[in-house]
Every structure is written in C-alpha cells, then in structure tokens.
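Written out below as structure tokens is the structure these notes cover.
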Amino acid sequence: MKTLFVIPPQWYPMNPYLSGAQLVGQLKAKGFDAKTRDLNIEFFNDILNKENVISAANKAEKFYNDFLPEFSTGGYCEEYFDTYSRKLQTKILRLMAYQEFLESGIKVEEVAENIEDAVSVTKDKDRFYDPEQLFWAKDVMRDALRIISLPYMPSKIMLENFIANPVYTYNYDDIKLQVNSPDLNMFVEYFDQKIQPEDFMEFSVIGISIFDLSQIVPGLTLAKYLKERTNAHITLGGNYIFKIREAIKNMPEFFDVFCDSVQLGDGEISVVRLVETLQSGVSLENAYSLIFKNSEGEIIETESAPLLDMDALAPPCFDGYDFDLYFSADTVIPMQLSKSCYWAKCTFCDFYTGQQCFDIKSVNTAADEIQSLVNKYGCKHFIFVDEAVPPKYYDQLATEIINRGIEIYFYSFARMEKSFTKEVLQNLYNAGGRFFCWGYEAESERVMKILNKGIDCSYRKTLLENAKEVGLWNHCTFLLGYPGETKEETEATKNVIRNRNLVDSCTPSNFALKKNAIMINEVDRAGLENIKDNGDFHISCNYVMNGKETRNIKKERMDFQLDFLKKTADSLWSIEFTDTDHILLYTSKYGAQWVRDYRLKYRKHNF
Ligand code: SF4
C-alpha cells in the first residue's frame, strides 16, 4: 500500500514545506512506502514562463476588447454594484483590473522576455547572492504573476498569497461553484492539464495537506480532480482543515465530491493508523482522529489519536525532493522541535490549534536529527518551524550543536522572554542562529496585558539591543489595532516599526477575529459588534470595532505598510511576509550588519 502526500498551491515557493516530509518519515519508519509531491512548486515553475505570460496577456486583452463596449454603454455604477449578478460583478472588476494594469506601465513583452531569466536568478548560487539581481528578479516574477492573473481577476495568484474571487464567499456552495468554473479559478485549467490519472495509479492513499486559506480553492480543486480520476483513498489534513472541522462535519456531500476522509490534528500517529486500517480492510472507525461518511450516509468522527512523544518520531524524509525547483539558491530545511506553544494563552492566537499539548524533543534527539538531515541532504540552513521554543532549551541545544561541531545556520520564532539573556543569544549565534522572529505585537504595556502575551515588556528593547550586538537580525511581528487599543497606542507601535534602529524587518498585521482563538468568546467585553462569519471554509469573522468595519481597519494597516515599504525601498528587507528564508541565506553569508547597511541601486516597484 503506497501513500502520496501532495502539497497543493498556493504556498511560498522559496523552500520545501515540512508536513509531507514529516508524514513520509513516520510511514517509512513503520515499513510503508510513501512519498511527497510538491504541486505548489511545480505550479510556480510551470506557469512562470514566456509563453504563459504572453498567452495570459492576449486572453486578458481579448476579454477587455469584448466587454468594453457593453461596459461603456451599460451605465454601470458603483452605487448599484451590489445589485448586479455575480457574473457581471466579476466582469466589471476584471475590466477595472485590466485598466489598472494598462496604467501601471508594466510592459508585457519585457516581462515575457525576462521571466525565465528572473526565475533562474533565484536558483543560481552567484546571481542569487547579488542583491541587485535578486530584487530585480523578484519584481519580474511579481509582474509576471500579475499578468498571469489578469484573465481570472479579481482572483489572483502572487508569490505570497492566492486571493480567491471576493465576489464569491467561502461557503460550501460558492466554493463548489469555483472549483467547477474555469473562468473564476485558474487551477481548473491547470489541474485539467496537469493531473494525469496514470501518474497517481500506484498510490492507494493520497493525502492533501491544507495549512492555509490560500490553499482552499486550489487544494479543493485538486482534491475533486483526484477523487474523480483515481481510485485512491483521498484524505485531507493539515492545520487549516482542523480549524474548519465543525463546518465539514455538517457537509455530508463534501465526502462525495472532494475526499473520502478528513484527518484531524497532528498526523504523525493517525496517518500510520489510517494506512494500517485501509490495508487490513477493517472499518474506518478503527482509524484515529478521522471524519468520514459511512455507508448509511452518517458522518462519523473517530477516537482521537494518542498523545505524541516527540522523541519517538522519525525524522522528516525529503527523499525524492528536487531542491533545484525552489526559488532559493540554497535549501532551507524545515524541522520541528516541539508541538504546540508552551504559553498558548494569547487571546488573539490560533496558531497552536489542532496540535496536542506542548511537547519538545530532547536536546540529544534534536541534535541527532539535525546531524542526520545535514548528512543526508548536504544542507546547512534550517528553519525551526515551532510556534516558540523555550530559551533554556534553546541554550542547551545551541551548546549541543557547538559541542558536536555541527555547522549550520538557522532561524525561528521566539517569545521575547527575559531569559533570552545576552549570553544565551551569543550562544545561539555561535551555534549558527542568524535571526529570530520575535513576537513584539504592541508597544503599549496595557495592550500587551489585554493580549495576555505574558512577557515583561520592559525587557524587549534590551533583548533587541543584545541580539543586534551579538550579530543577530531582528525580525518582529506586530499587531495593529487590537480591540481596546487607542489611536495613540497604535501610533506608538507604528513608531517602533518606523524607527529601524533595533527592528531590522517585520511582519505587521491587523487584529483578526479567529474562530478558534480565545477572543471569540470575549467579543462583548472587547467591544466587537456585528460579528459575521466569513464562511464555512474561512477561519475568521468580520466585525465592527469603534464604528469601523474589518475592511476599513485592514485598509488603514495596508496604507501604513505601503507608505513604509516605499520609504524603505532601498533596504533589502523591511516589511516582509514571504522572504524570511532569503533573509537567513543572506545574513548567514554576509552577516546581519552587511545586510542592514546595504542600499539597493535597483528601484523596486512591487510593494
Ligand atoms: S502568539 Fe505565539 S506565544 Fe502567543 S499563544 Fe500564539 S504561538 Fe504562543
């Protein structure tokens, strides 16, 4: 019985994702045959070429010329937009997107001529490490994706996201409509050509890993194709799927159209159990943490998998991966030291949802695993994808890495704990740590208390100073406009971002009301009103706060972000969502100070 794990678009195409490799590692350790196929990276490589850019531009131009006469005489106006059919709304938005593109000054022929060279820059060891060439290449790739999206607008594909057509909701019926509509969803045509039944015939089980909203439309389009064209048992899993489990339980038809089962929570034990269950031919009721539809049409949820012992897990298996496909000259290998978050109390957060209670590998096991991945794949760059690793543990792991003489560079997310002393940070740097993503969130201590972040805010500046002094790059995550935050408090957080003395790069976001976060039960206390579910397949809700709707709150953040990005356009990285692997590669090659000081001569135009 052979199993395939598929990573569907859209996800960052910079480096491999962990989930498939992690599950393959567990199945192989139990003697099962399994492999991963990263359809996300295949997709980006398939579409970013000259022919595709030209054909998309021609298609978009034809649509524009066909629809423009009707648009010019139809008397359409913004005031009545909501009264138009969704088909017409889509056409109007598509036409406006094309007009904006024409005004942008981007030249189709130039992008088409350059796109293949741009992709090759990101994979070439010399050219990748020349910032002038790298940032030119990223702009060309972004321009190309904009052109490729034009025939499907307002749905669009980007390096950092896939935005589904906003005229349609994330409710079941609208998603079903999109996965069947080549006009709305570029993945219908793509998978139609890509998915050949014979390529999948050898697999008895196909797992599709969905860990982000950006994968819902493409991932479900793929699931439907595989269910229709193969005889394999199709199972959906991933952190995102866990977060929408309650909606799925109420959709019996979902199991006729998209999959045979849904795997909940951590998959390491339950996937092995699912394969054993299918192989032995007994009822799926014997599988762990599974939702499926039985022969009577009832939705069944099986017993939860036993708790994982992180030390008992096999290492991830990246055998068969073609690392050359990824848009980074050197591979950054993902590895997980722990499950869940050791704090798990921040009121806005749902990151750890779907993971069991906190457990972490022993320092020895973690060091063995790092060593084995280095030996097996010849890689020396790592991201530890943990929600947060305790400082004391990190200090011990760093010492072990140094004592064993393992030569690696790494980065990870971390809480701004006081126990990240200068000595610990120095030890981490000596072990190969090159940057950390610190959860700074809000400048105001009052707001940090409401967030329940549980850190001593007065230490944050010292921590960042110390980190900078030992040679680390400081990337911080910020949260703007938390419920109850005053204008002045939001401004204070923005000032920390603007003052780049200690924060080298950052990811700002506005508060999102997530269905699985603690805050969802405290909306009245937080002053949130008009709570509206964003749909069955969406993990957050819209709300009104201080008279402002979610979209206006988001727009304020986007305006701030755009302004800041333009002002810092000659820096390599300032606000960053997708390129953290590239920051690691640059800081490990040149050092944080070199990256900090470098000023681009190339003028970025995509923000
Ligand atoms: S925001 Fe970070 S520290 Fe807070 S609960 Fe989430 S993962 Fe843990």
Side-chain angles (χ1 to χ4, degrees), residues 18-19 211-213 238-240 242-243 265-266 308 310 334-361 383-395 411-420 424 428 433 435-460 463-464 467 474-485 489 493 496-497 503 505-522 526 539-541 557 576-577 580:
L18 181 63
S19 62
F211 37 85
D212 197 84
L213 177 68
N239 190 264
Y240 195 93
F242 181 86
K243 291 175 188 172
D266 301 312
L308 282 174
M310 288 299 281
M335 187 184 143
Q336 191 173 31
L337 302 167
S338 62
K339 281 283 177 197
S340 192
C341 167
Y342 65 92
W343 173 250
K345 291 180 191 168
C346 300
T347 50
F348 62 92
C349 175
D350 72 348
F351 299 156
Y352 55 88
T353 312
Q355 299 181 48
Q356 64 167 52
C357 55
F358 186 74
D359 188 34
I360 194 159
K361 286 175 183 162
I383 168 176
F384 298 130
V385 296
D386 304 73
E387 308 306 348
V389 175
K392 193 171 165 205
Y393 174 93
Y394 240 153
D395 192 33
Y411 78 104
S412 79
F413 304 88
R415 285 168 50 79
M416 301 187 87
E417 308 266 15
K418 255 184 152 171
S419 26
F420 275 115
V424 171
L428 281 162
F435 89 89
F436 282 88
C437 302
W438 305 106
Y440 197 111
E441 317 307 358
E443 175 64 356
S444 155
E445 285 196 34
R446 191 187 71 85
V447 174
M448 288 295 273
K449 281 210 179 81
I450 313 179
L451 294 174
N452 201 20
K453 192 76 192 181
I455 56 159
D456 179 347
C457 295
S458 64
Y459 182 66
R460 291 185 295 187
L463 189 159
L464 293 176
N474 286 321
H475 180 96
C476 293
T477 56
F478 291 101
L479 200 53
L480 298 164
Y482 199 73
E485 185 173 275
E489 286 167 330
T493 303
V496 179
I497 298 174
V503 179
S505 59
C506 68
T507 307
S509 51
N510 44 282
F511 164 73
L513 181 58
K514 294 174 180 164
K515 293 177 191 169
N516 288 277
I518 294 167
M519 177 56 95
I520 198 75
N521 300 316
E522 301 179 0
I539 58 167
S540 70
C541 299
R557 193 258 301 169
E576 199 45 69
F577 294 88
T580 46

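The structure displayed is predicted, hence computed values, not measured ones. Hydrogens, waters and symmetry mates play no part in the numbers below; they use all other heavy atoms, side chains included. Indexing begins at 1, ligand by ligand and atom by atom, following the structure's order.
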Minimum side-chain heavy-atom gap Tyr440-Leu479 below 4.5 Å: no
Asp386 (side chain) donor-acceptor with Leu337 (main chain) under 3.5 angstrom: yes
cation_pi(Arg415, Tyr342) dist<6.0 Å, angle<=45: yes
Numbering as shown, the atoms of ligand 1 that approach Glu387 to under 4.0 Å (heavy-atom distance): 7 (S)
Closest protein heavy atom (residue, atom, distance) for atom 4 (Fe) of ligand 1: Cys346 SG, 2.3 Å
Mode of Lys453 contact toward ligand 1 - side chain, backbone, both, neither (heavy atoms, under 4.0 Å): side chain
Any donor-acceptor pair under 3.5 Å from Arg460 side chain to Glu443 backbone: yes
Under-4.0 Å heavy-atom contact with ligand 1, by part of Phe413 that carries it: neither
Close-contact set for ligand 1 against Lys345 heavy atoms, below 4.0 Å: 5 (S)
Salt-bridge present (Glu485, Arg446; N to O < 4.0 Å): no
Nearest-contact summary for atom 3 (S) of ligand 1 - protein heavy atom, Å: Arg415 NH1, 3.3 Å
Taking atom 6 (Fe) of ligand 1 as the reference point, the nearest protein heavy atom with its distance: Cys349 SG, 2.4 Å
Tyr394, Tyr411, Phe384 screened by ring-ring contact (aromatic ring centres under 6.0 Å, His included) with Phe436, the one that passes: Tyr394
Presence of salt bridge, Asp359 and Lys339, under 4.0 angstrom: no
Ala388 heavy atom under 4.0 Å from ligand 1: no
Phe348 heavy atom under 4.0 Å from ligand 1: yes
Atom 8 (Fe) of ligand 1: nearest protein contact (heavy atom, Å): Cys341 SG, 2.3 Å
